[in-house]
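Notes to accompany the following structure.
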Amino acid sequence: MLFSNQGPTSPLSAGFTVLGIAAIIALAFLPLFAAYYDLAGKAPVKAVRNGIEYLPAEQEGCLEAYWLHTDLPIWNRQIYVVRHACTKSGGHCGETDSISKLNFENDSALRIETSRGGIYRLDVNTLRVEQAQGSMICSFRE
């Protein structure tokens, strides 16, 4: 038995009791780990190179760079423009074009892919953006 008032009857059952308790604790913390690592959905979008972490900014179409060990910001760069021309309440159509994938093609060229098929290259040394596919202006209308 996992929990018993009689105590373990052999060393083998004591081991099962410890494993059972460890399993219950692990299952109790599983939702926290799932939320942190976003196991239910997609993984966080980011790229890391030379101690710098690159990730989408809160503003649509922008990318940010942070020092990995201190979490201090280095720069924020607009990669493409997202224009919402909606007359619905709140002025937002509900559509978006977010950065969905980041990876380095070489030491300085960061490839940026968006949820609507746009592909851009950012030179992380000069912050120059090159459009490979899609538009530099993404417009949404009602």
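Only heavy atoms go into these numbers, but all of them, side chains included; no hydrogens, no water, no symmetry mates.
Between Y54 and F104, the ring planes lie perpendicular to each other; the angle is over 60°, past the 30° to 60° tilted range.
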Could you go through the side-chain contact (heavy atoms from CB on, under 4.5 Å) check for R121 and L110 one step at a time? CA-CA 5 Å; R121 285 182 189 84; L110 179 61; over 6 Å; no
Could you walk me through whether L55 and L63 pass side-chain contact (heavy atoms from CB on, under 4.5 Å), step by step? CA-CA 6 Å; L55 61 156; L63 191 70; 5.6 Å; no
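Remark: side-chain polar atoms of R49 are paired, donor with acceptor, to backbone N or O of N106 under 3.5 angstrom. With hydrogens and angles ignored, the 3.5 Å screen pairs no side-chain donor or acceptor of S108 with any backbone N or O of N125. Between the R77 side chain and the L127 main chain, a donor and an acceptor come within less than 3.5 Å of each other. Side-chain atoms of S115 come within 3.5 Å of backbone atoms of S98 as a donor-acceptor pair (strictly under, hydrogens ignored).
Residues C62 and N76 approach most closely at CB-OD1, 3.8 Å, considering heavy atoms.
When hydrophobic clusters are built by joining Ile, Leu, Val, Met, Phe, Trp and Tyr residues whose side-chain heavy atoms come closer than 4.5 Å, directly or via intermediates, V48 is not grouped with V124.
In this structure, CD on E53 lies 13.0 Å from CH2 on W67, to the nearest 0.5 angstrom. Taking CD of Q133 as the reference point, atom OH of Y120 lies at 9.0 Å (rounded to 0.5 Å). Rounding to the nearest 0.5 Å gives a distance of 12.0 Å between CD1 of I79 and CD of E130.
P56 is listed as a side-chain neighbour of L102, based on a closest heavy-atom distance under 4.5 Å. Side-chain contact between I52 and L68 is absent, with no heavy-atom pair separated by less than 4.5 Å.
At a cut-off of 3.5 Å, with distance as the only test, a side-chain donor of Y66 or E64 sits close to an acceptor on the other residue.
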